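Each chain gets a letter, A, B and so on, in the order the sequences are listed, and its residues count up from 1. Worth saying up front: this structure is predicted, and the values here are computed from it rather than measured.
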Amino acid sequence: MPTPPPSWFERDPLELAPLLLGGVLRRADAAGAVALRVTEVEAYRGADDPGAHSFRGMTQRNATMFGPGGHVYCYFTYGMHHAVNIVAGPAGSGWGVLVRAGEVVEGRALALERRSARRASPPTGELARGPGNVAQALGATLADDAAPLSDATFADSTLSDATPAGPSAAGSAERGAWSFVPAAASVPHATGPRVGVSGPGGDAIAHPWRYWMPGEPSVSAYRPATPRRRA
DNA sequence: ATAGCGATGTCCT
DNA sequence: GGACATCGCTATC
């Protein structure tokens with residue numbers, strides 16, 4: 001089944017988020033391919049969502065969110081984590097859906113290798129549980145920011161085609177080839193507050209914009225947003 | 001259950 | 001310059 005056209009992603013994240021559940025997100029690079037069945041996501045909107053990176057307008061980091069849907073918004077945080085979003089909506093909207101968890105269905109050995117490379121102790125839980133682990137399993141880095149979700153897989157294209165003029169000068173991180181295949185049929189899902197989103201007013205942004213597949217072991221346990229210290 | 005903490009890019013002052 | 005980040009792991013009550 002082919003990756004849907006870019007326009008498929010150009011809808012409200014509240015509508016797109018549940019459609020992503022059960023679909024397969026895949027990234028391939030020279031090291032190989034890892035794919036995961038998406039089990040948990042969070043919708044983020046723009047100017048009307050204080051929890052979104054795009055709330056305060058476009059910056060260098062979040063510029064990809066303001067592009068057209070169907071691209072990967074990848075950022076780095078907490079000094080050690082990358083996170084993967086799928087940009088939603090038309091260009092200019094600043095909408096996106098954060099991929100919080102998934103079940104690794106391809107390239108499990110590679111995903112395991114990537115985690116072990118950064119953790120002394122062997123992994124205890126699921127390989128793609130939590131946004132940081134999702135990015136790590138897929139091998140996503142800042143080099144993947146703005147990568148398109150396309151039909152082009154690593155198998156179909158040469159390495160040079162898959163990584164056009166990437167920051168390979170540094171020799172380290174390389175942009176992978178991304179694709180997403182929606183589930184054949186919509187899957188049952190539950191909703192609840194997003195994780196790690198808080199701010200002045202607290203409840204004001206406590207929208208139930210987290211979507212997950214009940215019973216999936218890869219879905220991260222809910223943890224209330226850490227209250228922000230106030231001056 | 002919950003608190004501490006790592007380790008750094010990004011943005012605001 | 002400094003606060004904080006769409007955590008996740010680990011240690012301790």
Taking the side chain of [X] as heavy atoms from C-beta outward, which of [options] is closest to it?
X: A:N133; options: C:dC9, B:dC11, B:dG6; answer: C:dC9
X: A:F76; options: C:dC9, C:dG8, B:dT8; answer: B:dT8
X: A:H81; options: C:dC9, C:dG8, C:dA5; answer: C:dG8
X: A:T77; options: C:dA5, B:dG6, B:dT8; answer: C:dA5
X: A:L142; options: C:dA5, C:dC7, B:dT10; answer: B:dT10
X: A:R61; options: B:dG6, C:dC7, B:dT10; answer: B:dT10
X: A:V195; options: C:dC7, C:dC9, B:dG6; answer: C:dC7

Check: Out of curiosity, does A:M213 fall in the hydrophobic cluster containing A:V104 (side-chain heavy atoms, cut-off under 4.5 Å, transitive links)?
Finding: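 Yes, A:V104 and A:M213 fall within the same hydrophobic cluster.
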Pairs under 3.5 Å (Watson-Crick or G-U), crossing ones as [ ], inter-strand ones as |: DNA chain C comes out as |||||.||||||.
Taking atom [atom2] of [N] as reference, at what distance in whole Å does atom [atom1] of [X] sit?
X: A:E40; N: C:dC7; atom1: CD; atom2: C1'; answer: 13 Å
X: A:Y73; N: B:dG9; atom1: OH; atom2: C1'; answer: 11 Å
X: A:H82; N: B:dA7; atom1: NE2; atom2: P; answer: 15 Å
X: A:R56; N: B:dC12; atom1: CZ; atom2: C1'; answer: 11 Å
X: A:E126; N: C:dG8; atom1: CD; atom2: C1'; answer: 15 Å
X: A:D145; N: B:dG9; atom1: CG; atom2: P; answer: 15 Å
X: A:F55; N: C:dA5; atom1: CZ; atom2: P; answer: 14 Å
X: A:Y78; N: B:dT10; atom1: OH; atom2: C1'; answer: 14 Å

Nearest 0.5 Å please: distance from the [atom1] atom of [X] over to the [atom2] atom of [Y].
X: A:L127; Y: A:R115; atom1: CG; atom2: CZ; result: 5.5 Å
X: A:W95; Y: A:F9; atom1: CH2; atom2: CZ; result: 15.5 Å
X: A:F76; Y: A:H81; atom1: CZ; atom2: NE2; result: 8.5 Å
X: A:W8; Y: A:L149; atom1: CH2; atom2: CG; result: 10.0 Å

**Message:** Can you list, in residue-number order, the parts of residues 85-98 of chain A that come under 4.0 Å of DNA chain C, counting heavy atoms only?
**Reply:**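 The stretch gives A:N85, A:L98 as the residues lying under 4.0 Å from the strand, ordered by number.
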- What orientation do A:H207 and A:W209 show, parallel under 30°, tilted 30 to 60°, or perpendicular over 60°? parallel
Can you see which heavy atom on [X] is nearest to which on [Y], and at what distance?
X: A:A52; Y: A:Y44; value: CA-CD2, 3.8 Å
X: A:V24; Y: A:V105; value: CG1-CG2, 4.3 Å
X: A:R114; Y: A:A31; value: NH2-CB, 4.2 Å

*Does A:R115 make a side-chain N or O approach to OP1 or OP2 of C:dC9 shorter than 4.0 Å?*
yes
- Message: OP1 or OP2 of B:dT10 versus the side-chain N and O atoms of A:T59: is any pair under 4.0 Å?
- Response: no
Could you go through A:R61 and A:D145, starting from their C-alpha distance and side-chain angles, then the distance that decides it, and tell me whether this counts as salt bridge (charged side-chain N to carboxylate O under 4.0 Å, His left out)? CA-CA 9 Å; A:R61 176 177 68 160; A:D145 184 44; over 6 Å; no
